[in-house]
Amino acid sequence: MIQVPQYTRDLLPADFSNDPSAFVHAFQRVETVARASFHRYGFQEIRTPIFERTELFARGVGLETDIVSKEMFTWLDRGGDDHEGESLTLRPENTAPVVRAYIQHQMWTKSDLVKLFYIGPQFRRERGQRGRFRQFFQVGAEVLGSNDHPAIDAEAIEMLMGLLAELGIGDTELRINSVGDEECRPRFVEMIRRELADKIHLMSEATRQRYETNPLRILDSKAEEDQPFIENLPSTIELLNTECRDHFEAVCRYLESRGIRFRIEPRLVRGLDYYTKTVFEVVSFSDAIGAQNALLGGGRYDKLAETLGGPPTKGFGFALGLDRIVMALPETTAGPGRPDLFIVHLGAAAFEKGLLLAREARTAGIACAIDFEKRSPKSALRLANKLKARFALILGENELESGQWTLRSMADSSQETIPASDWLASILAAIGSVRNAE
RNA sequence: GCGGGUGUAGCUCAGUCGGUUAGAGCGCUUGGUUGUGGCCCAAGAGGUCGUGGGUUCGAGCCCCAUCACUCGCCCCA
């Protein structure tokens, strides 16, 4: 048997799965709610290719990041035409592609504030565990333009918290920090190197490695043996320059004025190199979530566009892990697919008639089911019942001869006779009244 | 890349000290009298016990290997 590739999965209709966190309808629901929310906040949808030139992520996300250094699905395209074979990569995240599109289409010429959102699969070649897959789905958004007003950050976070509330997701915590800009970074690095110089040999191997390559990342080390040292480090917030500090404090003030609760997490450093100033994440404490409990994360990236060859552009963005959001949903939403009408056909002539009636019903907007087996009335009604059909239209020889058809209500077993000449109107009326009552 | 756990029917699982024909519930099909669902009752279909080797008179059960899945580390959403 050929199965899905390792650490990927099928999202299925509820009928075919007993895992609510893989119900395709739950994903659809989150997407629908998110789209409506994006619309209210003035975001427009963008769809970028599922693969990009490898260089985009190498430059945008950063060569030293785990994502780029060991988690990308990358291949060399075969040459041909006038192209040499070029290195392509399944997108591991969607911010760099959106910024690429912003630059490529010179969006700044149309508007000085561009707000875009995306929904789609992302790919990382990771090990896989609860809430982590090699193909996973993100809903994300980017605000691009000349302005880095802290209210932009706060407004996006406000939208996210509203979205979680709308979805009924509670038991979460918003964590926020500032990683400063190119002026603050060297101070962080210098401070970390200075403070840890005589202790680094006692710390974890990963941390010793980062001491050389990326000292900032030491801050969010989870290694047990590192904790005492990290906790004693001075707060990086103290080292922010005036501009970054004012910005951070303003973001916090804007959140407070909206009644949004958050925790300042001085050790929150995100694993993508492009972040500047604000970084944040929301974690879930739900039992349904595994150890990977970050539902969403994001931040400001005021240098990314330039890194990718565009004009100086301020940026703020975030991504929600759809797979994890769905795990955190309070209840499993039953999907649609309940037929209004099931056609019971008895005999070959009735079957032929039924096929045409199904077409007419569907054209009239009725969810109509008909099956292709010869069935006894008992078996056909069993099936209608299993499908939770609201009504069964019974077509047998009697009905065909008399032109008086039988419409059975599955809810209360009552039956009425409807004239063939006016059957659609009769059924529409019946369905309408039942739907109102439901 | 590194650890732990689990593999028996479509699904969830039981299977005693290693013993003869491997079970249950759910689901599926059919039937319980003429053309009428749900509840109930009955019958039926469905298994190379993940795979390969080994130990043994005898392996679903013990041992080894392997594969798959799963949870965690790392990292991230």
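These numbers were taken from a predicted model, which means no experiment stands behind them. Quick note: numbers below take in every heavy atom, side chains included, and nothing from hydrogens, waters or symmetry partners. Here is the naming used below: chain letters follow the sequence lines, and residue numbers restart at 1 for every chain.
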Chemist: Measure CG/A:D412 against C1'/B:rU36 and give the value in whole Å, please.
Modeler: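 Going from A:D412 (CG) to B:rU36 (C1'), I get 14 Å.
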Chemist: Can you sort out which residues in residues 122-141 of chain A have a heavy atom within less than 4.0 Å of RNA chain B? Ascending by number, please.
Modeler: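 Heavy-atom cutoff 4.0 Å gives A:R124, A:E126, A:R127, A:Q129, A:R130, A:G131, A:R132, A:F133, A:F136, A:Q138.
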Chemist: Whole angstroms only, please: what is the CG-C1' distance between A:L346 and B:rU36?
Modeler: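 So the two atoms are 9 Å apart, to the nearest Å.
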Chemist: Contact class for A:T95 (heavy atom, under 4.0 Å): base, sugar-phosphate, or nothing?
Modeler: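 Answer is nothing: A:T95 stays at 4.0 Å or more from every strand.
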Chemist: Categorize A:A328 for me: base, sugar-phosphate, or nothing, with a 4.0 angstrom heavy-atom threshold over every strand shown.
Modeler: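 No contact.
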Chemist: Check the distance between B:rC28's P and A:R375's CZ and give it to me in whole angstrom.
Modeler: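 In whole Å, B:rC28 P lies 11 Å from A:R375 CZ.
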Chemist: Which part of the nucleic acid, if any, lies within contact of A:I394, taking any heavy atom under 4.0 Å across all strands shown: a base, the sugar-phosphate backbone alone, or nothing?
Modeler: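 Here A:I394 touches the bases of the nucleic acid.
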Chemist: Would you say a side-chain N or O of A:Q6 is under 4.0 Å from OP1 or OP2 of B:rC69?
Modeler: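 Yes, because at least one side-chain N or O of A:Q6 sits under 4.0 Å from OP1 or OP2 of B:rC69.
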Chemist: Just checking A:E373: base, sugar-phosphate only, or nothing, at a heavy-atom cut-off of under 4.0 Å?
Modeler: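 If one applies the 4.0 Å heavy-atom cut-off, A:E373 turns out to touch nothing in the nucleic acid.
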Chemist: Please determine whether any donor N or O and acceptor N or O are separated by less than 3.5 Å between the side chain of A:Q292 and the base of B:rG72.
Modeler: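 Answer is no: no donor-acceptor pair is held.
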Chemist: Please state whether the phosphate of B:rU30, meaning OP1 or OP2, lies under 4.0 angstrom from any side-chain nitrogen or oxygen of A:S379.
Modeler: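 It does, given that an N or O in the side chain of A:S379 lies less than 4.0 Å from OP1 or OP2 of B:rU30.
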Chemist: Measure from CZ on A:R324 to P on B:rC75 and round the result to the nearest Å.
Modeler: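 One finds 14 Å between P of B:rC75 and CZ of A:R324, rounded.
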Chemist: Is there a side-chain contact between A:F137 and A:E31, using heavy atoms and a 4.5 Å cut-off?
Modeler: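 A side-chain contact is absent here, since even the closest heavy-atom pair is not under 4.5 Å.
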Chemist: When rounded to the nearest 0.5 angstrom, what distance separates CG in A:L320 from CG in A:L160?
Modeler: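 One finds 5.5 Å between CG of A:L320 and CG of A:L160.
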Chemist: A:R210 side chain N/O closer than 4.0 Å to the phosphate oxygens (OP1, OP2) of B:rC74?
Modeler: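 False: A:R210 side-chain N/O out of range (4.0 Å or more) of B:rC74 OP1/OP2.
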Chemist: Would you classify A:A291 as touching base, sugar-phosphate or nothing, given that sugar-phosphate means primed atoms plus P, OP1 and OP2, and contacts are heavy atoms under 4.0 Å?
Modeler: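 Result for A:A291 = sugar-phosphate.
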Chemist: Atom CG of A:L383 and atom P of B:rU30: how far apart are they, to the nearest Å?
Modeler: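 It is 10 Å, rounded to the nearest whole Å.
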Chemist: Return the stems involving RNA chain B, sorted by first number, where pairs are Watson-Crick (N1-N3 with N6-O4 or O6-N4) or G-U wobble (N1-O2 and O6-N3), both under 3.5 Å, and runs are 3 or more long.
Modeler: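 Stem segments, range with range: B:1-7 with B:67-73, B:10-13 with B:23-26, B:28-32 with B:40-44, B:50-54 with B:62-66.
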